[in-house]
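Shown next, in structure tokens, is the structure this report addresses.
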Amino acid sequence: DSNLILYVNFVLVNMVSKQRYVVKDLLGQGTFGQVAKCWVSENNSYVAVKIIKNDPAYYRQASVEISLLHVLNWKFDPDDKHHIVRILDYFVYQRHLCITFEILGPNLFELIKMNNYKGLSLNIVQMFSRQILNALIVMKDAGIIHCDLKPENILISTSVKPPEIKIIDFGSACVEGQTIYSYIQSRYYRSPEVLLGYPYTTAIDMWSFGCIVAELFLGLPLFPADSEFDLLKRMIETLGGQPPDDLLRDAKNTSKFFKHVGSIYRLEDDKACKGVTSAYCVLTVEEFEARESKRPEMGKHYFNCAKLEEIVANYPYRKNLPEEIKKENLTRVALVDFLRGLVEFDPGKRWSPLQASHHPFLTGEPFICPFEPPPETPRIPVIHTVSVDHNPGVGHWL
Ligand code: ADP
Ligand code: MG
């Protein structure tokens, strides 16, 4: 195994600055390596240290994470106002690239789980949505695509009140126009253009964002698909409609999912589609109980309706007072309109983060009719060039 063997009081040292990090706990583990909670005696504080596997491929990927976070932190968010995790230090220790971050608390999936998958209150959903959008505005300005936005990669900062969230894990991120990988994003949050193999932009993060907002409110993923085909069918059933024909015409993987019927595209598995009348049915008791302990994967059996409007109108059920219900129902209508602009099949029509930030669901203005976003103002061309430094000043790996 190419992981560094860690134990309590193991000391990681930045050989250049002589800064010492004393391992106290393990915060996370993944394919890239490990994340440890470390003690810094000088300032009597904790940091999170991502210790990358002793492997050139992971080293290179983590170098990209360092470069992009540097740009985001120092060029675009020097005052730490935009809900993006702060990178503090990086160094190589025993051939492991180590990145230190400010320490944060539980992630949004853990929060949903702590709440027994019943969904968060609309106030909290609005607050977190505003904060995530704020980060996405900055990321779009920087021309940086996160590529793996999901509740697990959004952490709650426990050091401030009211609670603040921060986006972490730029380990899959890339620069717009320099997209190398085609197999990106976690399935539930994967955009139609990535699924179908069409050139992608920062708009893919907006799709994921829409899925996250819905999940924060519902307590369950919007598209809990168990395969790519299932994902596409769920999108079509829940949203009503399908990706636009010009996208289907130009996408690489269209023939994997669609057959060409005259001038229109039909889902390949037409019969199967007919059989599936709903993306959602009520959980059985056993399933519900299983869900208490682990992430619900069973997807197919959630709610008893298919359309986005019905899902948001009917779930989650809340035991509110009649007056509160009336107010909440109005906000739910605004939420559906908000989600429609985000989980929009056409990446060209999908709202930008700035456009979405004007929506009444977030601003609190009364929602009267479908929101027309202000036109996207042409962006000031990005003056900086994000150069991805594959050896960010930490000496040679091999
Ligand atoms: P990956 O998803 O590529 O495995 P992440 O950067 O998401 O790597 O980190 C893995 C896990 O480590 C996170 O899901 C989280 O639980 C924990 N973690 C990462 N960064 C921090 C941090 N700054 N503070 C607290 N926990 C963290
Ligand atoms: Mg992660």
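Quick note: numbers below take in every heavy atom, side chains included, and nothing from hydrogens, waters or symmetry partners. Counting convention: from 1, in listed order, for ligands and their atoms alike.
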| task | For Ser121, check side-chain contact (heavy atoms from CB on, under 4.5 Å) against everything at least two apart and list the hits. | result | Asn123, Ile124
| task | Verify whether the ring centers belonging to Tyr90 and His70 lie closer than 6.0 Å. | result | yes
| task | Would you list the pairs meeting salt bridge (charged side-chain N to carboxylate O under 4.0 Å, His left out) in which at least one residue belongs to residues 14-30, sequence neighbours left out? | result | none
| query | Parallel, tilted or perpendicular: which fits the ring planes of Trp207 and Phe345, with parallel below 30° and perpendicular above 60°? | reply | tilted
| request: Using heavy-atom distances, let me know which of Ala48, Ser157, Gly105, Ser172 sits nearest atom 22 (C) of ligand 1. | output: Ala48
| note | Per-atom filter on ligand 1: closer than 4.0 angstrom to a heavy atom of Ile168 are 7 (O), 13 (C), 19 (C), 20 (N)
| remark: Rounded to the nearest 0.5 angstrom, the CD1-NZ distance for Ile87 and Lys50 is 9.5 Å
| message | Test side chain to side chain donor-acceptor pair (under 3.5 Å) on Glu215 and Tyr189; report intermediate values, then the result. | response | CA-CA 10 Å; Glu215 183 166 345; Tyr189 312 93; 2.6 Å; yes
| Side chain, backbone, both or neither: which part of Lys37 has a heavy atom under 4.0 Å from ligand 1? | neither
| said: Please give me the protein atoms (N, O or S only) lying under 2.8 Å from the Mg ion (ligand 2), ordered by chain and number. | reply: Asn153 OD1, Asp169 OD2
| request: For atom 8 (O) of ligand 1, grab the closest protein heavy atom and report residue, atom and distance to one decimal in Å. | output: Phe32 CE2, 3.3 Å
| Between Phe170 and His146, does the ring centroid distance fall short of 6.0 Å? | yes
| query | Which is it for Ser17 and Asp89 under the side chain to side chain donor-acceptor pair (under 3.5 Å) test, yes or no, and what are the steps along the way? | reply | CA-CA 10 Å; Ser17 66; Asp89 188 15; 4.6 Å; no
| note | In this structure, atom 12 (O) of ligand 1 is nearest to the protein heavy atom Val35 CG2, 3.5 Å
| task | For Phe101, take its heavy atoms, then give the atoms of ligand 1 lying under 4.0 Å from any of them. | result | 23 (N)
| remark: heavy-atom search around atom 11 (C) of ligand 1 in the protein gives Gly28 CA, 4.0 Å
| field | From the candidates Leu104, Leu27, Leu155, Ile99, the one that places a heavy atom nearest atom 21 (C) of ligand 1 | value | Leu155
| task | Kindly indicate whether a cation-pi arrangement holds for Lys150 with Tyr188, taking the cut-offs as under 6.0 Å to the six-membered ring centre and within 45° of the axis. | result | no
| query | For Asp169, is at least one N or O under 3.5 Å away from an N or O on ligand 1? | reply | yes
| Is the distance between the ring centroids of Tyr46 and Trp39 under 6.0 Å? | yes
| task | Dump the intermediate steps for side chain to side chain donor-acceptor pair (under 3.5 Å) on Lys166 and Ser157, then the final yes or no. | result | CA-CA 7 Å; Lys166 289 230 170 167; Ser157 172; over 6 Å; no
| field | Geometric N/O contact Lys50 with ligand 1, under 3.5 angstrom | value | yes
| task | Could you list the atoms of ligand 1 found under 4.0 angstrom from a heavy atom of Glu152? | result | 14 (O)
| note | Filtering Glu102, Gln29, Gln34 for the heavy atom nearest atom 23 (N) of ligand 1 leaves Glu102
| task | Pick one of side chain, backbone, both or neither for how Asn153 approaches ligand 1, counting any non-hydrogen atom pair under 4.0 Å. | result | side chain
| Results of side-chain hydrogen bond (donor to acceptor under 3.5 Å, both in side chains) for Gln29 - residues two or more places apart only | none
